[in-house]
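Following: one structure in structure tokens, then a few remarks.
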Protein chains: 2
Amino acid sequence: MGKKQNTQEKILDSATELFLEKGYDRTSVREIASKAKINISLMNYYFRSKEMLFETIINLLIGKTSVSLKEILDSDLELNKKIELYISEYINMLISNPLLIAFVIAVLNRNPEKLLSLKVTDNLYNTDVFTKQLEEEYNHGKIRKINPEQFYLNMLSLITFPFAIKHIINDKNKFSNKDFKAFIIDRKEIIYNMLMCYLKP
Amino acid sequence: MGKKQNTQEKILDSATELFLEKGYDRTSVREIASKAKINISLMNYYFRSKEMLFETIINLLIGKTSVSLKEILDSDLELNKKIELYISEYINMLISNPLLIAFVIAVLNRNPEKLLSLKVTDNLYNTDVFTKQLEEEYNHGKIRKINPEQFYLNMLSLITFPFAIKHIINDKNKFSNKDFKAFIIDRKEIIYNMLMCYLKP
DNA sequence: ATTCGTTTTAAACAAGTGTTTAAAACATTT
DNA sequence: AAATGTTTTAAACACTTGTTTAAAACGAAT
């Protein structure tokens, strides 16, 4: 039992790293086995197929990183504070997982039905709570009339897109990884100000 | 000569469609040949290798769609008008090529050096002309102090990112393709207002 | 009609893919 | 110590991949 979890985890860790770096198609089962230092057939023994291993990893990956973000959206924080916290935590998470966005976009466009059929996908987008909060704020005259769906999408775009084109940004600006991180952290305030400015009645 | 260009174009057209839809790795040479209704070896005869065919297609694809956008950025239009036109033309182009963004992101993250080594990549990002225009507007007190690089990235994110996650947006909102298009067209004004609001001194 | 260069074809190649098999090694329980 | 169930191993399987080969078909010029 102890050893069982051990090799299973070794497979998971190695495969996760490879899938994130090179994508599903460019990662061979033999490479996973080699990196995990296990026999090739153990992958099938523990996960039945490469495809099922991949699904497991998607769920773990998105689950671990996105649940806390959804909780923020669904909390009862004041709108300003909620947006500020959401931006900050989302960016912190992506700094720790800089390959996640490109990975999700790749999976989404390669096999939309599969990704969208997973429960974890709910954590990736807007929630009813947040939409209703925006509507209520407008009804109380606190913010100007907006489309909540569009507003959330704007926020999400500003937060996540830079990570999808990190290589271009670094190349065009001659950024090191450190420079990129600083550039991204600067965005916390910029994005917040931009959204707040737009919400003003 | 006539027939030569004919089969070459048949290969290009079929391969472009398949690469956009399924990506490089999930598209086999046999599938391209089958779609183009040609013999398999003609692909190597005209393009030497699958890889070189792919490079050719990347250049054609990005070249055709991005050159006019760069021209807008480098034009001598007034800032407001330039931003308005850039947003509108970029969105129009992506409505005609909805798979382009996911495609570029995939290539960029799979093989950064290769994409960035191509000349067409210059058309994909900010330009010196636009950066200087933003700086001058600030020096004349027309806009508030901003980081031009961040500002351009904000604009690009708001314009392009929704196309990268089109499937999620359609799924969560129960959008048809027609709904999505209307939703996107609405964004022209939203994005413009947001950026202008943020630029006000 | 014959020659020449270009284009197209069918067949095969070598290499890599994910997966399965059946036996061995191991750990645990009786 | 023997039996049982779990885990690991090496080898092979069936299949697909991109590419090459050598001959055939074609078109144009002599």
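Numbered from 1 within each chain, the chains take letters A, B, ... in sequence-line order.
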Output the single nucleotide from [options] whose closest atom is nearest the side chain of [X].
| X | options | answer |
| --- | --- | --- |
| A/Ser49 | D/dT8, D/dT19, C/dT19 | C/dT19 |
| A/Ile40 | D/dT19, C/dA10, C/dT19 | C/dT19 |
| A/Tyr46 | D/dT8, C/dG18, D/dT19 | D/dT8 |
| A/Val29 | C/dG18, D/dT19, D/dT7 | C/dG18 |
| B/Lys50 | D/dG18, D/dT20, C/dT7 | D/dG18 |
| B/Ser28 | C/dT19, D/dG18, D/dT9 | D/dG18 |
| A/Ser41 | D/dA10, D/dG18, C/dT19 | D/dA10 |

Please determine if a side-chain N or O atom of B/Asn44 lies less than 4.0 Å away from the OP1 or OP2 oxygen of D/dG18.
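B/Asn44 to D/dG18 OP1/OP2: no side-chain N or O under 4.0 Å.
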Report yes if at least one side-chain N or O of B/Thr7 is closer than 4.0 Å to OP1 or OP2 of C/dT8; otherwise report no.
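For B/Thr7, the contact criterion (side-chain N or O under 4.0 Å from OP1 or OP2 of C/dT8) is met.
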Regarding A/Asp74 and A/Thr127, is there a side-chain donor-to-acceptor distance under 3.5 Å anywhere?
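A/Asp74 vs A/Thr127: donor-acceptor pair found between side chains.
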B/Asn173 and A/Glu149: side chain donor to acceptor below 3.5 Å:
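A pair is found: one side chain offers a donor N or O, the other an acceptor, under 3.5 Å apart.
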Between [X] ([atom1]) and [N] ([atom2]), how many Å, whole number?
| X | N | atom1 | atom2 | value |
| --- | --- | --- | --- | --- |
| A/Tyr45 | C/dA22 | OH | P | 17 Å |
| B/Gln8 | C/dT8 | CD | P | 10 Å |
| A/Arg26 | C/dT17 | CZ | P | 12 Å |
| B/Ile11 | C/dT7 | CD1 | P | 12 Å |
| B/Arg48 | D/dT20 | CZ | C1' | 12 Å |
| B/Lys22 | D/dT16 | NZ | P | 13 Å |
| B/Asn6 | C/dT7 | CG | C1' | 13 Å |
| B/Ile32 | D/dT17 | CD1 | P | 11 Å |

For the CZ atom on B/Arg144, are there more than 12 heavy atoms of other groups (residues, nucleotides or ligands in this structure) within a distance under 6.0 Å?
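Counting neighbours around CZ of B/Arg144, more than 12 heavy atoms of other residues, nucleotides or ligands fall under 6.0 Å, so yes.
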What are the two closest non-hydrogen atoms of B/Ser157 and A/Arg187, and how far apart are they?
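Between these two residues, the closest heavy atoms are OG-NH2, 4.5 Å.
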Carboxylate-amine/guanidinium contact B/Lys82 B/Asp76, below 4.0 Å:
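No salt bridge links B/Lys82 with B/Asp76.
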Between the base of C/dG16 and the side chain of A/Arg30, is one N or O donor paired with an acceptor at under 3.5 angstrom?
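Under the 3.5 Å cut-off, the side chain and the base do not form any donor-acceptor pair.
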